[in-house]
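Here the structure is a predicted model, which is why all the values come from computation and not from measurement. Counting convention: from 1, in listed order, for ligands and their atoms alike.
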Amino acid sequence: MININEYTLKELEEYIENLEEKKFHAKQIFKWLHKEQVESFDDMTDISKSLREKLKKQCEIVKLQVIEVQKSKDGTHKFLLSLSDSNAIESVFMKYNHGNTICVSTQVGCKMGCKFCASTKEGYKRNLLASEIEGQIVAIEKYMKEKISNVVYMGIGEPLDNYDNVVKSIRQINNPMGLGIGARHISLSTSGIVPNIYKLADEKIQATLSISLHATTDKKRKEIMPITNKYGTKELLEACRYYIMQTGRRISFEYALIHGVNDSKNDAIELAKLLRGMIAHVNLIPVNEIKEKEYTKSKEESIKQFMTTLNSMGIITTVRRELGKDIDAACGQLRQRYLK
Ligand code: SAH
């Protein structure tokens, strides 16, 4: 069976023409699938019965199922969703002043092996399809009965390790005939797959890029993020400069503050030096403590000192508001519990 949600509008047009039907039906069908989010071909009321029958024979409309929802007092909802092969992934719904935001997963598991991250613990299973990335938004809009205006690619998985499907999903989500979420409302976070940062810069997508930096020297970064063995910090920042040059967009650097590991005043000074002259913004994240790991959250004073140091050196810095404190908020925690 064809997973019809995987087709881009152009692919759908070709497919419809191959069925010896008029091309314009593709637009109608695309809207039914991606905007109206119907679950059955019979709901496509302006499509002839004969075409619907043809579609039913060859295609299926694949949906993600909600397995579990954790609700936080602050309005954050964490979802465990199952895919058609019964693998499970996580997505998070958050309420911000600038709109409803969803954090999507891009892979089942992750290969990156970052020491502080729960997503990587059970290893890597497979890439998500573009339709499975978009499907997370669809499933959650349906469950919440609310529209989602912002998407962050910061759930389980490394988006730039699933490059083609991720870029395709951004284009699908962007499409005004579908969800119509503007690229400027989409952020993608990477641990630093350097060649694909260059590739993304050349795509001419206006999405915001976030870099999970977390340390300023190769030595320290290697300890917590093994990807640094492949792509050094200097190379990574070079790629970031290229991204800014090509897109004109500001980059957001994520920095998880871990007690005694990367949170000294000197670390802040080195970070400011590293980012000097870049159109950048630092987002400090008090590390989410996960079980079986020795890392603990930085002390309140260290977080303040880190922020003041960066600010005084001209680096725009925010501390990420901790949403979902009372639920398994850290990436991968809910799935990990489910697997057990
Ligand atoms: N693989 C991508 C996207 C997923 S992780 C990346 O690395 O950017 C999304 C963000 O959450 C990253 O910045 C990641 O470093 C951070 N993160 C993961 N585990 C965390 C934890 N326990 N506490 C705080 N931030 C964490």
Q: Which ligand 1 atoms are under 4.0 Å away from a heavy-atom of Cys117?
A: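 Checking each atom against Cys117, I get 18 (C), 19 (N).
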Q: Compare all side-chain heavy atoms of Leu271 with those of Leu213 and state whether any distance is below 4.5 angstrom.
A: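 When only atoms from C-beta onward are counted, Leu213 and Leu271 do touch, with a gap below 4.5 Å.
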Q: Within the 4.0 Å heavy-atom shell around Ser191, which atoms of ligand 1 are there?
A: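 Under 4.0 Å from Ser191, ligand 1 has these atoms: 6 (C), 7 (O), 8 (O).
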Q: Checking the N or O distance criterion of under 3.5 Å, is ligand 1 in contact with Glu254?
A: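 Looking only at distances, the answer is no, because the N/O contact criterion of under 3.5 Å is not met.
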Q: Identify whether the distance between the nearest side-chain nitrogen and carboxylate oxygen of Arg241 and Glu238 falls below 4.0 Å.
A: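 A salt bridge is present here (some side-chain N lies under 4.0 Å from a carboxylate O).
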Q: For the NZ atom on Lys304, are there more than 12 heavy atoms of other groups (residues, nucleotides or ligands in this structure) within a distance under 6.0 Å?
A: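 No.
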Q: Out of Gly192, Gly155, Pro159, Ser189, who gets a non-hydrogen atom closest to atom 4 (C) of ligand 1?
A: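 When every heavy atom of Gly192, Gly155, Pro159, Ser189 is considered, Gly155 comes closest to atom 4 (C) of ligand 1.
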Q: Please find out if less than 6.0 Å separates the ring center of Tyr255 from that of Phe306.
A: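 Yes, the ring of Tyr255 comes within the 6.0 Å limit of the ring of Phe306, centre to centre.
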Q: For Tyr198 together with Tyr242, are the ring centres under 6.0 Å from each other?
A: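 Ring centroids of Tyr242 and Tyr198 are less than 6.0 Å from each other.
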Q: Using a 3.5 Å cut-off on N or O atoms only, is Gly157 in polar contact with ligand 1?
A: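 It does: an N or O of Gly157 is found under 3.5 Å from an N or O of ligand 1.
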Q: Just heavy atoms, cut-off under 4.0 Å: does Thr190 contact ligand 1 by side chain, backbone, both, or neither?
A: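 Backbone only; the side chain of Thr190 stays clear of ligand 1.
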Q: Check each of Met112, Glu158, His214 against atom 16 (C) of ligand 1 and report the one with the nearest heavy atom.
A: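 It is His214 whose heavy atom sits nearest to atom 16 (C) of ligand 1.
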Q: N/O to N/O below 3.5 Å, does that happen between Phe116 and ligand 1?
A: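 Yes, there is a polar N/O contact under 3.5 Å.
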Q: Do other residues, nucleotides or ligands put more than 12 heavy atoms under 6.0 Å from Lys56 NZ?
A: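 Yes, NZ of Lys56 has more than 12 neighbouring heavy atoms, counting only those of other groups under 6.0 Å.
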